[in-house]
Number of protein chains: 2
Amino acid sequence: MDIQLKRGILEVCVLKALEKQDSYGYQIIKDLSPFVLLSESTLYPILRRIEAAGCVTVYSVEHNGRLRKYYHLTPAGQARILGFLNDWNEVVKAYDFIRGNDDEKT
Amino acid sequence: MDIQLKRGILEVCVLKALEKQDSYGYQIIKDLSPFVLLSESTLYPILRRIEAAGCVTVYSVEHNGRLRKYYHLTPAGQARILGFLNDWNEVVKAYDFIRGNDDEKT
DNA sequence: TGAACATACTATACCATGCGCAGTATTGCG
DNA sequence: CGCAATACTGCGCATGGTATAGTATGTTCA
């Protein structure tokens with residue numbers, strides 16, 4: 001996908017990935033891979049950002065001698081997802097303009 | 001609309017605005033305003049960018065003693081629009097993941 | 001008359017974000 | 001032992017939307 005089009009979408013994808021259960025970096029990348037590709041250097045800054053924004057809380061769990069950082073979605077994170085879905089209407093408006101409505105139905 | 005979500009979309013909106021007839025800066029902003037809002041400081045860099053990319057050609061017309069720069073869509077610009085519509089499938093995939101498919105039909 | 005506003009374009013600088021690349025450390029497979 | 005996978009961190013870059021400001025002309029209205 002074009003990099004620019006991912007802007008603002010990836011962050012919400014990550015939040016959504018945490019909706020059903022808490023998860024950690026590597027797992028999130030794998031879970032999202034069927035829908036959207038993102039690298040570690042993209043994900044980890046996102047995780048820090050949404051933590052700073054209060055959209056997730058973090059706790060560490062030892063796993064094979066290493067610490068795994070689990071992320072847990074907060075109500076603020078939920079609200080962020082809903083806000084995105086709301087904003088999307090405007091994106092669709094722009095998209096519809098670009099697509100044109102020459103053919104009424106597809 | 002969230003700034004980040006506009007990324008990559010605005011440029012194609014401008015190209016699309018030039019599809020039916022040549023136009024110039026101020027007019028483009030007015031034509032797009034029902035669909036997407038953009039300021040002059042956003043539009044003019046876009047115009048220079050798409051010109052440099054060969055998506056449009058430019059010619060000046062005198063109007064009330066001032067020069068108006070008209071932009072004309074090239075085949076490359078057309079192709080850019082089609083490329084965007086193609087990329088959009090992946091965006092929809094990410095969006096569908098975020099929206100979830102709890103309700104099968106809307 | 002002149003202040004305000006619309007038209008029309010230009011230039012500079014800022015900031016957010018996705019990504020490449022590199023580094024650290026452990027487990028497990030061949 | 002080398003290499004891949006796991007798991008996380010840090011640096012620096014390019015892109016692109018925006019604020020702010022400046023230039024210049026025509027129209028409107030008090």
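Chain identifiers are assigned alphabetically (A, B, ...) following the order of the sequence lines, protein sequences preceding nucleic acid strands; residue numbering begins at 1 within each chain.
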Rounded to the nearest Å, what distance is computed from the [atom1] atom of residue [X] to the [atom2] atom of nucleotide [N]?
{"X": "I3(B)", "N": "dT17(C)", "atom1": "CD1", "atom2": "P", "result": "9 Å"}
{"X": "E90(B)", "N": "dG18(C)", "atom1": "CD", "atom2": "C1'", "result": "15 Å"}
{"X": "Y71(B)", "N": "dA8(C)", "atom1": "OH", "atom2": "C1'", "result": "11 Å"}
{"X": "D31(B)", "N": "dA8(C)", "atom1": "CG", "atom2": "P", "result": "12 Å"}
{"X": "M1(A)", "N": "dC19(C)", "atom1": "CE", "atom2": "C1'", "result": "14 Å"}
{"X": "Q4(A)", "N": "dC15(C)", "atom1": "CD", "atom2": "P", "result": "19 Å"}
{"X": "K6(A)", "N": "dA16(C)", "atom1": "NZ", "atom2": "C1'", "result": "17 Å"}
{"X": "L10(A)", "N": "dC19(C)", "atom1": "CG", "atom2": "P", "result": "6 Å"}

(request) Please check if the side chain of S23(A) supplies one atom and the backbone of L18(A) the other of a donor-acceptor pair under 3.5 Å. (result) no

(message) Donor-acceptor check, side chain of N89(A) to backbone of N86(A), threshold 3.5 angstrom: yes or no?
(response) yes

(request) Provide the closest heavy-atom pair for A17(A) versus I28(A) in the form atom of the first, atom of the second, distance. (result) CB-CG2, 4.3 Å

(message) Can you tell me how far apart CZ (F84(A)) and CZ (R99(B)) are? Round to the nearest 0.5 Å.
(response) 11.5 Å

(message) Does this structure show an ion pair linking K16(A) with E19(A), if we count only N-O contacts that are shorter than 4.0 Å?
(response) yes

If the cut-off is 4.0 Å, is [X] near the phosphate of [N], judged by side-chain N/O to OP1 or OP2?
{"X": "Y24(B)", "N": "dA8(C)", "answer": "yes"}
{"X": "R49(A)", "N": "dT17(C)", "answer": "yes"}
{"X": "K30(B)", "N": "dA6(C)", "answer": "no"}

(message) Reading DNA chain D from 5' onward, which residue's closest nucleotide shows up sooner: R68(A) or E11(B)?
(response) R68(A)

(request) Let me know, please, whether D2(A) or Y44(A) comes out on the 5' side of the other along DNA chain D by nearest nucleotide. (result) Y44(A)

For residues 31-41 of chain A, dump all side-chain donor-acceptor pairs below 3.5 Å to protein atoms at least two apart in sequence or in another chain.
unit_1: D31(A); atom_1: OD1; unit_2: Q27(A); atom_2: NE2; d: 2.9
unit_1: S33(A); atom_1: OG; unit_2: K30(A); atom_2: O; d: 2.8
unit_1: S39(A); atom_1: OG; unit_2: S41(A); atom_2: OG; d: 3.2
unit_1: S39(A); atom_1: OG; unit_2: T42(A); atom_2: OG1; d: 3.2

(request) Specify the residue among G8(A) and E40(A) whose closest nucleotide of DNA chain C lies further upstream toward the 5′ end. (result) G8(A)

(message) Below 4.0 Å from chain A heavy atoms, what is the first contacting nucleotide of DNA chain D and what is the last?
(response) dT6(D) to dG16(D)

(request) Could you list the residues that satisfy salt bridge (charged side-chain N to carboxylate O under 4.0 Å, His left out) with R80(A), not counting sequence neighbours? (result) E11(A)

